[in-house]
Structure formats: structure tokens, C-alpha cells
Trainee: 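Pasting a structure here, questions to come.
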Amino acid sequence: MANKTSAASDEPVEVLFALQDKFNLLDFAGPLEVLATALHDKNDENTKAFECTIAAAEPKVLSEQGVVIDSQISFKEAHERLSDFDVLVIVGGNSEGVLKGKTEPLPIITAFAELQKNDSSRERTLLSVCTGSLFLAEQGILSGLSATTHPDYMTKFEILCSNAAQRDLQERTDVVEDARYVVNNLRFELGDEDENPYVRRKSDTDRRPSNARKGSISFKSSNSRRESITRRAAMRLGGLRVITAGGVSAGLDAALYLVSILVDDGSANEVARLLQHEWVKGTVVDGLDV
């Protein structure tokens with residue numbers, strides 16, 4: 001894991017991938033490729049925007065496609081170091097086995113959400129890809145939020161969301177169909193529009209956005225501004241940003257969105273160009289994030 005210096009606005013964002021046995025390979029490899037490729041400066045390979053760590057139950061974890069991936073840390077260590085990470089990525093695959101056995105990544109999803117509720121001083125993001133959203137639904141994370149999943153699992157997803165809401169006596173989930181990804185709990189408006197580094201104005205549409213609205217700068221500010229911390233603490237899940245992506249390749253689009261808000265649009269577009277992927281935008285609930 002890279003050493004961080006709080007004074008730097010371009011330090012790597014720490015990302016934890018939680019891989020269960022028989023995970024879907026593309027759910028993992030797609031977002032990993034996007035995040036590993038993202039740079040703060042496309043002309044400087046030393047400006048990596050993300051530092052990715054892989055957690056699994058064993059040193060080697062088998063995908064449902066038969067490819068074996070080496071993990072870097074165990075789930076036990078991941079729980080111990082959970083506060084080190086800014087982003088937790090949950091992938092699909094073996095959903096029936098995980099839900100039936102109540103195994104990882106279910107506990108780490110809950111732990112990450114509880115961490116944010118107990119410590120809102122830091123901006124954190126929970127991203128699920130494909131049927132990974134079923135795990136979020138089972139743990140009650142999506143109550144009162146909007147979310148999506150793979151189209152073939154929409155009915156199962158709706159049932160899990162409904163059962164969780166009844167079990168926990170919480171609000172129902174707004175299940176969104178035909179969305180590449182759905183984003184909840186954005187950065188929010190503070191102060192006058194001209195001074196707000198988080199929200200783009202309509203007048204910014206046809207011009208280069210102010211550097212004050214650059215994703216990495218907003219990310220750093222969100223972790224240091226007293227107003228940000230206070231407002232986040234009052235939000236659902238302590239302000240945890242929750243992103244659910246649709247089927248498999250939609251994870252690429254959600255990961256590009258993550259690059260755009262934590263680095264900048266230019267970096268996200270450059271990654272999409274290098275991957276020869278057309279970035280299809282998803283649904284951002286109740287506002288525009290940077």
C-alpha cells in the first residue's frame with residue numbers, strides 16, 4: 001500500500017477488491033483495469049491515481065471462469081485494515097452460495113458501512129458490480145436508496161431488497177432498470193454556487209470546469225472541510241457513496257465514473273480511450289457529482 005501524505009491532493013485512492021470463491025472474472029478485471037490505468041497526469045506514469053488491494057479467504061481464489069487470482073491479504077487482515085481504504089469493490093458470482101452460507105463478502109460489506117456511519121470524517125465509496133448488488137441488498141445497505149443489478153437477476157434483487165426493508169423496518173429500495181450504474185449519496189452543495197467545489201453549474205456545460213471542481217481536489221476537500229464532515233454525518237449511512245452497476249461490462253462504466261469524481265473527467269476519458277471503450281453514463285440520484 002502506498003504511503004500517503006495528507007498534504008498531497010494527488011495521492012493514490014486506496015481501493016479494496018473483495019473476492020469470493022467463484023467470483024465473476026470480468027466483474028473484477030474490468031474495474032481493476034480502469035482503476036490501475038488511471039493517472040493524474042497522462043504523461044507521467046508515476047502519478048497513479050489508485051492503489052488496488054485484493055482480499056480473499058485464501059491466498060488463491062478461483063473465478064467461475066476457472067482463472068486463479070492471487071490475493072494480497074486475507075479477509076481477516078482486510079477487516080483489521082478496513083479504515084485504510086477509500087473504496088470497497090464487491091463483484092458478482094456465486095451469489096447463491098454466498099447468500100446461503102452468509103459468507104464473505106457479506107461481513108465486510110456491513111463492516112465498511114458501519115465504519116462510515118461511525119466515522120464520517122472521511123469520504124468512502126461502496127461499489128458493486130453485476131450480482132454483487134445482491135450482497136448489498138441482503139445486508140440492508142440499499143434501504144432507502146436507488147440501485148440496479150444484472151437484468152436477469154432483477155426479480156431476485158427486488159425480493160432481497162423488499163425482505164431486507166421488512167426485516168430491518170427500513171425504507172424500500174427504488175430498483176432502477178435499464179441503468180448502467182446508479183449512484184447515491186453525492187457530494188453536496190455548500191455555500192454560494194460560485195464558491196462550491198462540489199457541484200457543477202449549468203453554465204459550466206460548454207466550458208472547461210474550474211480547477212477548484214477537479215475531482216481529486218474536491219475529494220481532498222471533502223475529507224478536510226468541517227462543513228463537509230458535519231453534513232456527511234447526518235446523511236444516510238454516514239454519507240457513504242453507494243454505486244451499483246448493472247451486468248458485467250457495466251462495471252467498466254461505473255469504474256470510469258469513479259475515476260471522474262475522484263480524479264477528473266480528463267483522466268476518465270483518457271482511460272476509456274486507451275481501453276477503446278465507449279463510456280456509457282449511468283444514473284446519478286438527486287444531483288450532479290464531480
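Nothing here was measured: the structure is a model prediction, and the numbers come from that model.
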Trainee: Answer yes if Leu39 and Phe50 sit in the same cluster of Ile, Leu, Val, Met, Phe, Trp and Tyr residues linked by side chain heavy atoms under 4.5 Å apart, and no otherwise.
Mentor: no
Trainee: Among Ser133, Cys161, Ser162, find the residue that satisfies the side chain to side chain contact (heavy atoms under 4.5 Å, CB included) test when tested with Thr173.
Mentor: Cys161
Trainee: Give a yes or no on whether Asp178 atom CG has more than 12 heavy-atom contacts from other residues, nucleotides or ligands under 6.0 Å away.
Mentor: no
Trainee: For the CD atom on Glu58, are there more than 12 heavy atoms of other groups (residues, nucleotides or ligands in this structure) within a distance under 6.0 Å?
Mentor: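 Open: at most 12 neighbouring heavy atoms sit under 6.0 Å from CD of Glu58.
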Trainee: Considering all heavy atoms of both residues, which atom of Leu35 and which atom of Ala255 are nearest to each other, and what is their separation?
Mentor: CD2-O, 4.1 Å
Trainee: Is there side-chain contact between Lys42 and Glu270, with at least one heavy-atom pair below 4.5 Å?
Mentor: yes
Trainee: What's the shortest heavy-atom distance between Gly93 and Phe135, and which atoms?
Mentor: O-CZ, 3.9 Å
Trainee: Within the 4.5 Å heavy-atom criterion, are Arg236 and Lys117 side-chain neighbours or not?
Mentor: no
Trainee: Going by distance alone, is a donor N or O of one side chain under 3.5 Å from an acceptor N or O of the other, for Arg122 and Ser83?
Mentor: no
Trainee: Would you call the rings of Tyr181 and Tyr257 parallel, tilted or perpendicular, where under 30° means parallel and over 60° means perpendicular?
Mentor: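 The arrangement is tilted - the two ring planes meet at 30° to 60°.
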Trainee: With a 4.0 Å cut-off, would you call Arg81 and Glu14 a salt bridge?
Mentor: no
Trainee: Give the cluster check for Met154 versus Leu160: same hydrophobic cluster or not, with ILVMFWY residues linked at side-chain heavy-atom distances below 4.5 Å.
Mentor: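 Result: yes, single cluster for both.
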Trainee: State whether Lys220 and Glu11 are salt-bridged, where the test is any N-O pair (Lys NZ or Arg NE/NH1/NH2 against Asp/Glu carboxylate O) under 4.0 Å.
Mentor: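 Salt bridge flag = no for Glu11 with Lys220.
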Trainee: Taking all non-hydrogen atoms of both residues, which atom of Ala49 and which atom of Val263 are closest, and how far apart?
Mentor: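 Distance-wise, the nearest heavy atoms are CB-CG2, 3.5 Å.
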Trainee: Could Arg180 and Asp253 be called an ion pair, given the rule that one side-chain N must be under 4.0 Å from one carboxylate O?
Mentor: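 Salt bridge: yes.
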Trainee: Is the closest side-chain heavy-atom distance between Val89 and Leu127 below 4.5 Å?
Mentor: yes
